[in-house]
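Keep in mind it's a predicted model, so treat the numbers as computed, not measured. Whatever order the structure lists them in is the order used to number ligands and atoms, beginning at 1.
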Amino acid sequence: MKILVVGAGGQIGTELIPHLQKTYGEDNIIAADLKSDIVERLSKSSRAVMLDATDAGAYSEVIREQKINRIYNLVALLSATGEKNPQIAWKINMGALLNSLEISKEYGCALFTPSSIGAFGESTPHTKTPQDTVMRPNTMYGVCKVSGELLSDYYYHRFGVDTRSVRFPGIISNGALPGGGTTDYAVEVFYEIVKIGNFTCPIPENSFMDMLYMPDALRACTELMDADPAKLRHRNSFNVTAMSFSPEILFAEIKKHVPGANFNYDIDPVKAAIADSWPDSLDDTCAREEWGWKPEWDLSGMVQDMLKAIRVKLA
Ligand code: SER
């Protein structure tokens, strides 16, 4: 198995690389990113190459040279950034995906591209959101994710490309920071509370969204790709979740460990509208049944582990 991770310098890639190294062997994992400073950082602990995934020629060359047979395509502008630059979001998110699909078809690679809760919209049922339901997103990020799911299924049915995907909710982690997402508040709060004991939240206190702790997200990435294809009735893309909470609930949990923590709200209307259009809680039964998905981290365990990790990181 030779695996390429494109967009490896982001929130997921930074932790997916060591997870893949542990699972499949260090020599078999290659991290690719667009920016030279990120490639330099990645190259300290992994094989790393500089690559613009929207450049089909350069992308093919890496696949050929490194004899890659599995790709994790993590290239994406997130939801809030996408609303600032919708055209650029389409160009980058869809450009990287189309190249990944064409290359996977040509070189016989299996391809994982995350989708998101952002693929849902206002007209989607908001509680226990089913696997197969209305998908009319209100953001460019979501439009790209739905298009990506459809294209990935198309390449599977039409050309037999082994495309697989999960709809990630907000991912909470203590490695690289997320950037430009609507769920970022649930990561940022830990840094601010540990640093200054104070956090101003851009999301309304009663706005529910699904979340996953990074170790569960990493297992989803490898367990789905290693799953028996005969058992997969769905491919692009599976609902996965571990917890659903509002800012109010998360902050009450943090307060149990940091009684002096102070929380205020300064609502960002763009993020608030996006959060409002997304599901409050997902139904991930299909993922559980078809490839054995089972999250290990709940709210209380995640909060304790995050506080511990961020205290060490900022010490
Ligand atoms: N975390 C992403 C965002 O908030 C959702 O997939 O944009």
Leu77 side chain reached by Tyr141 side chain, heavy atoms, under 4.5 Å: no
Atoms in ligand 1 with a heavy atom of Leu78 nearer than 4.0 Å: 7 (O)
Verdict with reasoning, Ser100 to Tyr59, per side-chain hydrogen bond (donor to acceptor under 3.5 Å, both in side chains): CA-CA 8 Å; Ser100 301; Tyr59 198 162; 2.8 Å; yes
Nearest non-hydrogen protein atom, atom 1 (N) of ligand 1: Thr183 OG1, 2.8 Å
Residue pair Lys313 / Tyr191, side-chain heavy-atom distance below 4.5 Å: yes
Numbering as shown, the atoms of ligand 1 that approach Ser79 to under 4.0 Å (heavy-atom distance): 3 (C), 4 (O), 7 (O)
Check ion pair Arg70-Asp162 (N to O, under 4.0 angstrom): no
Over all atoms of both residues, closest heavy-atom pair of Leu224 and Leu232: CD1-CD2, 4.2 Å
Nearest-contact summary for atom 6 (O) of ligand 1 - protein heavy atom, Å: Ser116 OG, 2.6 Å
Atoms in ligand 1 flagged as close to Tyr141, the criterion being non-hydrogen separation under 4.0 Å: 2 (C), 5 (C), 6 (O), 7 (O)
Per-atom contacts, ligand 1 versus Thr182 - under 4.0 Å to a heavy atom: 3 (C), 4 (O), 7 (O)
Under-4.0 Å heavy-atom contact with ligand 1, by part of Tyr185 that carries it: neither
Residues that Glu106 engages under side-chain contact (heavy atoms from CB on, under 4.5 Å), provided they are two or more places apart: none
